[in-house]
Amino acid sequence: MTATTPTPPPATDAAPSAPAADAATLHTPVNAWFAAHARDLPWRRPEAGPWGVMVSEFMLQQTPVSRVLPVYEQWLKRWPRPADLAAEPPGEAVRAWGRLGYPRRALRLHAAATAITERHGGEVPDDHAALLALPGVGEYTAAAVASFAYGRRHAVLDTNVRRVLARVVTGVQYPPNATTAAERRLAQRLLPDDEATAARWAAATMELGALVCTARTPDCGRCPVAARCAWRLAGFPAHDGPPRRGQTYAGTDRQVRGMLLAVLREATGPVTQEQMDAVWDEPVQRARALDGLVADGLVEPVAQGVYRLPLE
DNA sequence: TAATCGTGGTC
DNA sequence: TGACCAAGATT
């Protein structure tokens with residue numbers, strides 16, 4: 001709703017009366033744009049392999065690329081295969097997660113590595129259903145790994161793709177709050193028939209959303225399908241539905257959990273209650289946050305008033 | 001379905 | 001300057 005008015009594309013790029021966007025007219029320009037403008041991200045290089053792709057997908061859940069890059073490099077160097085990670089205590093994954101946020105992802109990635117080692121011979125599965133069965137892998141991540149790592153044909157619906165489709169095809173500024181069946185049908189309908197083209201399309205639409213068709217200030221002048229964008233052709237109508245609920249953070253349990261876990265991460269061994277009490281002075285909320293961390297398996301009680309990152 | 005779950009950068 | 005946003009999953 002507060003997005004800046006998009007930059008109009010140069011007149012030469014806009015066909016006078018372009019037809020509405022459809023699958024046939026979108027694949028070629030979007031994939032060509034991707035070929036020319038894709039970022040050189042480490043998990044896109046051949047040497048990353050399926051495990052590198054999976055690690056990146058876990059880290060990128062709700063976390064910007066710029067913050068993932070250094071941690072990704074450390075992880076892949078330290079744990080080049082799933083079995084390497086599975087061989088260490090889950091607490092080491094939590095510690096190495098650093099400040100990426102949502103540390104349960106570290107725990108789930110460790111659990112996924114364990115499952116891959118035990119059930120899949122140490123190889124990241126290439127099958128969507130097998131991927132979906134892994135801890136921390138939902139519909140998006142399963143499709144992303146199958147598509148990016150193995151070239152499979154899947155609709156990959158992340159926040160970028162949802163926004164691109166909402167604008168280019170549906171003609172609205174933003175997609176709904178939660179992914180709808182209609183969005184899935186649309187993504188499925190737009191998926192190229194050819195497997196390799198579909199995999200490229202998945203990465204290309206994501207990249208287009210990340211670099212050009214951004215949430216706040218889309219740069220239509222650089223968009224390969226601006227001439228056929230339904231939202232643009234409609235005159236950039238503003239989002240009407242209810243505003244997305246804000247993610248307030250200051251003073252919440254999440255903030256307290258984060259501060260408590262930071263104490264554990266930065267310590268080399270077990271930590272005393274006293275050390276944790278020092279970072280938050282409201283005792284009820286502090287206790288609730290710590291209980292939550294223990295319940296989630298992110299913190300392990302060692303003895304009365306002593307805690308550590310989980311060894312199992 | 002809606003709430004919960006971190007952290008930091010941007011405008 | 002505070003609200004919004006960032007390759008979601010789980011319950």
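- Contact annotation: A:Ser56 does not reach the phosphate of C:dA7 (side-chain N/O to OP1 or OP2, under 4.0 Å).
- We find that A:Arg78 and A:Glu88 are joined by a salt bridge, their nearest charged nitrogen and carboxylate oxygen being less than 4.0 Å apart.
- Side-chain to base pairing of A:Arg105 with B:dC5: no donor and acceptor N or O lie closer than 3.5 Å to each other.
- In this structure, of C:dT10, C:dC5, C:dG8, it is C:dT10 that holds the atom nearest to the side chain of A:Arg108.
- Look at A:Arg265 and you'll find a side-chain N or O under 4.0 angstrom from OP1 or OP2 of B:dT7.
- Taking only side-chain atoms of A:Thr159, from C-beta outward, the nucleotide of B:dG9, B:dT4, C:dA6 with the closest atom is C:dA6.
- No side-chain N or O of A:Gln61 forms a donor-acceptor pair with one of A:Tyr140 less than 3.5 Å apart.
- Distances shown here put a side-chain N or O of A:Gln62 below 4.0 Å from the OP1 or OP2 atom of C:dG8.
- Side-chain nitrogen and oxygen atoms of A:Tyr102 include none within less than 4.0 Å of the OP1 or OP2 phosphate oxygen of C:dA6.
- Proximity of A:Arg163 to the phosphate of C:dA6: a side-chain N or O atom is located under 4.0 Å from OP1 or OP2.
- In A:Glu47, the CD atom is crowded: over 12 heavy atoms of neighbouring residues, nucleotides or ligands sit closer than 6.0 Å.
- Not one side-chain nitrogen or oxygen of A:Arg99 sits closer than 4.0 Å to the OP1 or OP2 atom of B:dG6.
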